[in-house]
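What follows is one structure encoded as structure tokens, with my remarks underneath.
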Amino acid sequence: MSKQASTNPDIETEADTDTDAQPQTQTQTPSPETTSDVLPIETGADAVIRALENEGIEAAFGVQGGAIMPVYDALYYSDIRHVTMAHEQGAAHAADAFGVVKNEPGVCMATSGPGATNLVTGIADANMDSDGMLALTGQVPSDMVGSDAFQETDTIGVTAPLTKHNYFADDPDTIGDTVGEALALADEGRPGPTLVDLPKNITSADTEREPTPGEPPATTRPQYSADEDAVLTTANAIEEASQPLLLFGGGVIKADATEEARAFAREHEIPVVTTMPGIGSFPEDDDLCLSWAGMHGTGYANMAITHTDLLIGVGTRFDDRLTSGIDTFAPEAEIVHIDIDPAEISKNVHADYPLIGDAETVLEQLDGAIETTPETAEWCEQCVEWQETYPMDYAMPEDEPLKPQFIVEVMDEATAADTIVTSGVGQHQMWASQYWTYTEPRTWVSSHGLGTMGYGLPGAIGARIAADDDQDVVCIDGDGSFLMTIQELSVAVRENLDITVAVLNNEYIGMVRQWQDAFFEGRRMAAEYNWCPEFDTLAEAFGAEGFRIDEYDEVAETVEAALAYDGPSVIDCHIDPAENVYPMVPSGGANGKFALTEEQL
């Protein structure tokens, strides 16, 4: 049966569509007679979709267009859920967050030219955070490539520095194999984004070939077990340490190694700090947890890093927001570095004990090699003392506006432990990571390495679709970040997604304003957003439920109402515009010399 000539009454044709009908979701539900596991492959586009199905892809996020249209036509017959986003950047962020929550590569799609280039920010974001993702981009017909054809861009050239690998499909018979390989590579070893550029003449061309199962190239297979001699040497160093400290990065979560990491810390009674991407790898309500370290990390986490004699880094790249000045980072410590990517070993911080391998596997090796658990009772007491000396608290004077930290804490208390929190980038991101207590992996979803404002809302859309039905999904955003991708609220309404967005509205690009006040003598050039719209009213215009908070006594009731609303809701939280994020390690400064006030910077 030809798909183009289908007369199945369950498939609505364009001519039958009622243009006055209410907006529908982008998910088709074909009858069993027309599912892609029955219909034969007829074109390269069919092979693309079959490859996605073969790899178990459940959802894709994208925007239609001319060059990608044959792929979308093939997707019409698939059970894969497609969510049409308002902008391609939103598609990339939604796919990224979907993959983070689901622990598999997310898929985004766009047409050629501006469609593909609009994906670039999201691809770069996934690359910096080692998030598995596959981008499928339409391209002009292959015989027109290089002719400056309408909506042509050198997508391969543009994205080569931002992907693990990208592919130019040039044969309809192998196009499905290419997509399968790209998906497998995105998830292999250290995850990251891949891309397949799909010329329209290749996706439209005839083929009957079934794609082969996706396998990454043999040359990309990582080393999972660390060298045994290196493990024994490292185990001996741990046994002899008096002030050991575990540093869990995002790689612990990506390796699905949280159970092993937690067991290792508890068995050997070693305190734990995390990086921001590693939030949730170790429960923040555990006595051993010192929360996350770095520029705006807790004072006690940074003190522990400053005084440890053996820092055991697992799945971290020791980026500058963690280390600040390399020369002053963990100055009294030898460094153990466990990472699956050899390129990260000693890239930023010299590793005295390098262990290349999978986080779970290497921790198991180390655990088996340690014969005597180090004596850490005195060290743990010192860490507790730092927690008491440098608590995470804030003042709430009656004569000052609403504090954003209070809103975050109220939302945390009103939701379950497995609630997923997304955020944009800026002060609100810091408060969301400082004042929410994370106990589970894959519940903190944000942009770290690239620091992409606007990630929060599309991230919440992707997270919502990936999450369990009974999980809450909350986006804590800032007014500046929210405005960058606010158009995606239309998607949340159309798809009837139950997400709650709290906009911490200070009418500034808050982190920029904080730095201008501290380091640029208060010259607030281009940081003020005093022309912000009323976000609650704007939410209502989109079809979402809008709320507003101005006073402390409104917070609890409004948060409960927004969370209870079955659909997308937005809370416009008018907060103290002068509130700053502390602690703060000045750029290039020592972790142990963090500031608690602007005067200390």
Side-chain angles (χ1 to χ4, degrees), residues 124 127-130 161 190 230 233-234 237-238 241-252 270-279 281 290-356 359 362 379 383 386 390 425 429-430 433 447-451 511 514-515 518-519 581-596 600-601:
N127 185 56
M128 287 286 281
D129 286 349
S130 301
R190 180 182 182 173
T233 303
T234 305
I238 294 173
S242 59
Q243 298 177 167
L245 183 66
L246 284 160
L247 171 65
F248 290 159
V252 172
I270 301 176
V272 176
V273 300
T274 74
T275 65
M276 271 192 72
I279 288 174
S281 60
L290 303 175
S291 193
W292 57 279
M295 179 173 284
H296 291 293
T298 65
Y300 36 93
N302 283 318
M303 289 297 285
I305 282 179
T306 301
H307 293 282
T308 179
D309 61 357
L310 185 69
L311 182 61
I312 308 163
V314 187
T316 176
R317 58 189 179 89
F318 291 106
D319 77 293
D320 60 293
R321 285 302 169 102
L322 168 69
T323 64
S324 195
I326 294 294
D327 293 341
T328 58
F329 179 71
E332 301 176 15
E334 291 187 303
I335 306 293
V336 177
H337 193 178
I338 301 170
D339 205 287
I340 200 166
D341 185 355
E344 289 298 337
I345 302 295
S346 295
K347 185 180 80 174
N348 294 325
V349 173
H350 173 72
D352 300 286
Y353 303 96
L355 296 174
I356 300 170
V362 176
W379 170 236
C383 291
W386 283 322
Y390 306 107
V425 170
Q429 180 189 32
M430 300 301 112
S433 51
S447 170
H448 300 107
L450 196 64
M511 192 62 80
Q514 180 172 336
W515 277 59
F519 306 117
V581 178
Y582 292 105
M584 180 177 180
V585 179
S587 183
N591 287 69
K593 296 182 179 180
F594 49 86
L596 298 175
Q600 295 176 358
L601 288 171

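In this text the structure is predicted, and so the values were computed from the model without any measurement.
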Partners meeting salt bridge (charged side-chain N to carboxylate O under 4.0 Å, His left out) with Asp341 (sequence neighbours left out): Arg190
Intermediate values then yes/no, side-chain contact (heavy atoms from CB on, under 4.5 Å), Ile345 and Asp339: CA-CA 7 Å; Ile345 302 295; Asp339 205 287; 4.0 Å; yes
Rounded distance (nearest 0.5 Å) linking atom OG1 of Thr275 with atom CZ of Arg321: 14.0 Å
Leu290 versus Pro271, closest heavy-atom pair with distance: CD1-CB, 4.2 Å
Gap between atom CZ of Phe519 and atom CD of Gln514 - 0.5 Å precision: 8.0 Å
Geometric class of the Trp386/His307 ring pair [parallel <30°, tilted 30-60°, perpendicular >60°]: parallel
Gap between atom OG1 of Thr308 and atom CD of Glu334 - 0.5 Å precision: 10.5 Å
Separation between CG of Asn591 and CE of Met303, rounded to the nearest 0.5 Å: 10.5 Å
Closest contact, heavy atoms only, Pro161 versus Asn127: O-ND2, 4.1 Å
Main-chain N/O of Pro244 paired with Trp379 side-chain donor or acceptor, under 3.5 Å: yes
Donor-acceptor contact below 3.5 Å, side chain Thr323 vs main chain Gly325: no
Under 3.5 Å donor-acceptor, Asp309 side chain and Gln243 backbone: yes
Passing option when Leu247 is tested against Val272, Val273, Val252 for side chain to side chain contact (heavy atoms under 4.5 Å, CB included): Val273
Heavy-atom side-chain contact between Phe318 and Ile326 under 4.5 Å: no
Those residues that, when tested against Ala330, pass side-chain contact (heavy atoms from CB on, under 4.5 Å) (two or more places apart): Ile305, Leu311, Ala333, Ile335
Closest heavy-atom pair and its distance - Ile238, Ile270: CG2-CD1, 4.3 Å
Verdict with reasoning, Tyr390 to Thr298, per side-chain contact (heavy atoms from CB on, under 4.5 Å): CA-CA 8 Å; Tyr390 306 107; Thr298 65; over 6 Å; no
CZ on Arg317 to CG on Asp129, rounded to 0.5 Å: 7.0 Å
Non-neighbouring partners of Val585 that pass side-chain contact (heavy atoms from CB on, under 4.5 Å), sequence neighbours left out: Asn302, Ser324, Phe594
Atom pair CG (Leu322) and NE2 (His448), whose distance is rounded to the nearest 0.5 Å: 12.5 Å
Closest non-hydrogen atom pair, Met276 against Ser433: CE-OG, 3.9 Å
Short side-chain to backbone donor-acceptor contact, Gln429 and Ser447, under 3.5 Å: yes
Exercise: identify the closest heavy-atom pair between His296 and Pro583: ND1-O, 2.9 Å
Exercise: identify the closest heavy-atom pair between His337 and Ala351: CB-CB, 3.8 Å
